Amino acid sequence: MSDPVVAAKKDAGIRAANMVKDGMIVGLGTGSTVFFAMERLGERIKTEGLRIRGVPTSNQTAMRAEEYGIPLTTLTLHPVLDIAIDGADQVDPGKRMIKGRGAAHLREKVVADAAKQFVVVIDSGKEVAGLDAAVPIEVLPFACGSVAGKLRELGGDPVLRNGVKKDGPVISDNGNYVMDCAFGAIADPAALEAAINNIPGVLGNGIFAAMTGKTVVIVGGRH
Ligand code: 5RP
């Protein structure tokens with residue numbers, strides 16, 4: 001029997017991919033759920049002759065796009081995207097979210113911001129009453145110590161993310177470090193997002209609270 005979480009991710013991904021129309025420029029997020037959307041887009045390119053181009057949010061996504069036959073473009077050529085599709089780690093009832101388990105949240109936020117519509121694909125396990133996960137934060141390596149101190153002043157508990165092989169810090173596709181910073185229950189996600197971004201040396205954080213107006217959340221398995 002198939003894993004219900006994987007089945008839900010696949011359902012969400014397929015439904016998001018089916019929203020894409022011919023000629024669109026599509027932001028391509030990172031993670032297992034959005035990869036199902038990309039697989040379906042590749043299928044539509046082959047079977048329907050769908051003509052799209054994607055802007056990838058990570059090197060991993062760019063490789064998947066090549067595998068699925070999705071032509072790529074850049075934000076330089078297309079500063080405004082028709083749609084962006086991405087996963088999330090936590091989503092609250094106000095469509096605010098925490099992203100970045102895959103350390104791609106900096107480019108993911110740039111791409112989502114550039115898109116007219118932001119489609120978030122999740123399984124129901126990502127839905128929460130209030131955001132409380134550790135917030136991924138991309139940090140300039142030079143500024144790690146000072147940023148950690150400022151995050152503690154904000155009430156956080158920053159931990160440098162290490163590679164799975166314990167062979168040193170994770171390096172983002174942009175050449176930076178990632179910290180995971182627990183704040184407990186986040187009462188005001190928009191204010192915390194802005195406060196973290198305001199620390200010199202922080203390049204971006206995984207709270208997405210400023211684009212709820214254009215966000216559509218697709219929960220796999222729930223129609
Ligand atoms: C990567 C992300 C992912 O979208 C998020 O971690 C969800 O991943 P998955 O779909 O594999 O559960 O933010 O930086």
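Predicted model only: the values in this text are computed from it and were never measured. Counting starts at 1 for both ligands and their atoms, following the listed order.
Side chains of Gln60 and Asp173: a donor-acceptor N/O pair is absent below 3.5 angstrom, by distance only. One side chain, Thr61 or Ser58, offers a donor N or O that lies under 3.5 Å from an acceptor on the other.
With distances taken over non-hydrogen atoms, the option nearest atom 1 (C) of ligand 1 out of Glu108, His105, Gln90 is Glu108. For atom 4 (O) of ligand 1, the candidate residues are Asp89, Thr30, Val5, Leu106; the nearest heavy-atom contact is made by Thr30. For atom 9 (P) of ligand 1, the nearest non-hydrogen atom from the set Ser58, Ser32, Ala12 belongs to Ser32.
A salt bridge is defined here as a Lys NZ or Arg NE, NH1 or NH2 lying under 4.0 Å from an Asp or Glu carboxylate O, and Arg44 with Glu39 fails to meet this definition. Using a 4.0 Å cut-off between charged side-chain N and carboxylate O, Asp11 and Arg15 make a salt bridge. A salt bridge links Arg51 with Asp22: the closest approach of a Lys/Arg side-chain nitrogen to an acidic carboxylate oxygen falls below 4.0 angstrom. Salt-bridge check for Lys46 with Glu43: failed, with every basic side-chain N at 4.0 Å or more from each acidic carboxylate O.
Atoms of ligand 1 found under 4.0 Å from any heavy atom of Asp86 (numbered from 1 in listed order, with element): 4 (O). The distance from ligand 1 to the heavy atoms of Gly100 drops below 4.0 Å at these ligand atoms: 2 (C), 13 (O), 14 (O). Atoms of ligand 1 found under 4.0 Å from any heavy atom of Gly87, numbered from 1 in the order shown, are 4 (O). Against a heavy-atom cut-off of under 4.0 Å, Lys99 is close to the following atoms of ligand 1: 2 (C), 3 (C), 4 (O), 13 (O). Here is the list of ligand 1 atoms found below 4.0 Å of a heavy atom in Ala103: 14 (O).
Inclusion of Gly31 in the set of residues having an N or O under 3.5 Å from an N or O of ligand 1 is not warranted. Checking only distances, Val34 never comes within under 3.5 Å of ligand 1, N or O to N or O.
What sits closest to atom 10 (O) of ligand 1 on the protein, heavy atoms only, is Thr33 OG1, 2.6 Å. Nearest protein heavy-atom neighbour of atom 12 (O) of ligand 1: Lys126 NZ, 2.7 Å.
Connection of Val159 to Val178 is not established within any shared hydrophobic cluster, with ILVMFWY side chains joined at heavy-atom distances below 4.5 Å, either directly or through further cluster members.
For the pair Lys99 and Phe208, the distance from NZ or CZ to the six-membered ring centre is under 6.0 Å and the angle to the ring normal is within 45 degrees.
Open room surrounds NZ on Lys150; 12 or fewer heavy atoms of other groups in view lie less than 6.0 Å from it.
Ligand 1 is approached by Ala88 to a heavy-atom distance shorter than 4.0 Å.
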